[in-house]
Amino acid sequence: MDGGARHETRTDKPREPRRRRITDENGRRMPAWEIVLRYLLLVAVLALMIGPFLWQLSTALKGPHENIFSSPPKFLPSDPTVHNFERVADTIPVWDYALNSLKVAAANVVTNCVGAALAGYALARLRYRGRKAATIVFILAMLVPVEGIIIAQFTTMRELGLNNTLIGVLLPGCVSALNVLLMRNAFLNVPYEIEEAAFVDGANVWQRFLRIALPAVKGTLAVVAIFAFMGAWDDFLWPLIVLSDPDRFTLTIGLNYLHGTFANDERLVAAGTVIAVLPLIILFACLQRYFFRGVGEGAVKG
């Protein structure tokens, strides 16, 4: 009886919760000061990355009677309003410019995803003479600055009769060398044994590409889509050179007119900036799961 009682007492005694250990990449327990330092660095980087956008958003929401140059600066608006966004639409045809940008960006996503996937698969899987030389050409293409070839691009578009067209804006960036290399690395990470088994079963190269290789690199395709959309949406220099008709202007050029005409109205400029950045935030929020998966697929192995 006494032994049973002692045994019952021991089992009813609650266990103390185990403290969770924080370790580094080598499994070593991190001291408290190092943990605090890392979190402080993360907070500092976060403030540097999203701080300017939050300040622009705060400025865009401030009313006309609120001082945006107060000292010390006041971050939260005392009387938030969306009137500045309405004024942007009344000042310039911002939605027409946004539609033009959306057309170019959507077409750029399609051409980059299709072209980069095909080229990346050819560089990673197919066997032919000159494959390594072709890979080196794509790497060298990344080293050439855009400003060094922009005159040649403009001359080419003029000879093709594509000046002052959205196709002329799209064509030079329809397939990016960076995206091709990302897809190549992603395809290299797909095990060869899977494709070899499909080849034994009689699958041709298109079937292996569409049914085996491509579904395995969906994450990298999301990365390519995000990069392509951001590059086309944010591009300013090339549309400014190739476009001359205001009806075909993209959003970045239209906002430039907003800066030039209303340079002293910081609220209006901030509202236009928020309108331009908002689609990028929505796109990344929708594809962030695939984006981080794609970084692991194609951005590690070279």
Side-chain angles (χ1 to χ4, degrees), residues 38-39 41-62 75-77 80-86 88-89 94-117 120 169-170 173-176 178-179 181-183 185-186 189 214-236 239 250-255 258 267-300:
R38 292 196 179 193
Y39 276 102
L41 290 176
L42 288 175
V43 171
V45 172
L46 181 65
L48 290 175
M49 295 296 293
I50 69 172
F53 173 75
L54 294 179
W55 182 257
Q56 288 289 84
L57 179 62
S58 173
T59 304
L61 294 176
K62 291 180 179 178
F75 182 75
L76 296 177
T81 178
V82 295
H83 181 61
N84 295 320
F85 297 95
E86 299 174 357
V88 172
V94 62
W95 305 120
D96 294 336
Y97 294 158
L99 181 60
N100 293 335
S101 293
L102 184 61
K103 292 177 181 178
V104 176
N108 200 42
V109 169
V110 174
T111 55
N112 269 277
C113 288
V114 175
V169 178
L170 166 69
C174 61
V175 180
S176 171
L178 174 62
N179 293 333
L181 295 177
L182 284 176
M183 294 304 302
N185 291 347
N189 286 336
L214 199 59
V217 295
K218 290 181 180 179
T220 307
L221 275 177
V223 174
V224 171
I226 292 175
F227 284 172
F229 190 93
M230 290 179 59
W233 186 270
D234 291 338
D235 193 13
F236 173 77
T250 57
L251 186 58
T252 51
I253 305 177
L255 292 180
L258 194 68
R267 299 173 181 83
L268 201 62
V269 175
T273 303
V274 173
I275 293 175
V277 175
L278 191 60
L280 300 178
I281 298 176
I282 296 174
L283 177 69
F284 184 79
C286 295
L287 298 179
Q288 62 174 335
R289 179 180 60 180
Y290 302 101
F291 177 82
F292 291 111
R293 182 195 304 174
V295 170
E297 287 175 357
V300 177

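Please read all numbers here as calculations on a predicted model, not as lab measurements.
Rounded to the nearest 0.5 angstrom, M230 CE and L283 CG are separated by 9.0 Å. Taking CE of M49 as the reference point, atom CG of L54 lies at 12.0 Å (rounded to 0.5 Å). The line from CG of L255 to CZ of F236 is 9.5 Å long, rounded to the nearest 0.5 Å. Between L76 atom CG and K62 atom NZ the span is 8.5 Å, to the nearest 0.5 Å. Note that the SG atom of C113 and the CG atom of L214 stand 9.5 Å from one another [nearest 0.5 Å]. To the nearest 0.5 Å, the span separating CG on N84 from CD1 on I275 amounts to 10.0 Å.
Nearest heavy-atom pair, A117 versus L221, reported as atom, atom and distance to 0.1 Å: CB-CD2, 4.4 Å. Residue A116 comes nearest to V175 through the heavy atom pair N-CG1, 4.3 Å, listed as atom of the first residue, atom of the second, then distance. Shortest non-hydrogen contact noted between F85 and A60 is CZ-CB, 3.8 Å. P77 and S58 make their closest contact through CD-OG, 3.9 Å (heavy atoms, listed as atom of the first residue, atom of the second, distance). When all heavy atoms are compared, the tightest approach of N108 to A232 is ND2-CB, 3.5 Å.
No donor-acceptor pair closer than 3.5 Å links the side chain of N112 to the backbone N or O of V224. At distances below 3.5 Å, not a single donor-acceptor pair connects side-chain atoms of S101 with backbone N or O atoms of W233. At least one donor-acceptor pair under 3.5 Å links the side chain of T59 to the backbone N or O of W55. Side-chain N or O atoms of N179 include none that pairs as donor or acceptor with a backbone N or O of G120 at under 3.5 Å.
By the 4.5 Å heavy-atom criterion applied to side chains, L102 and F229 are counted as neighbours. D234 is listed as a side-chain neighbour of L280, based on a closest heavy-atom distance under 4.5 Å. Annotation: side chain of I253 is in contact with side chain of T250 (closest heavy-atom distance under 4.5 Å). Put simply, the side chain of L251 reaches to within 4.5 Å of the side chain of V94, judged on heavy atoms.
When the shell of 6.0 Å around CH2 of W95 is examined, it contains 12 or fewer heavy atoms from other residues, nucleotides or ligands.
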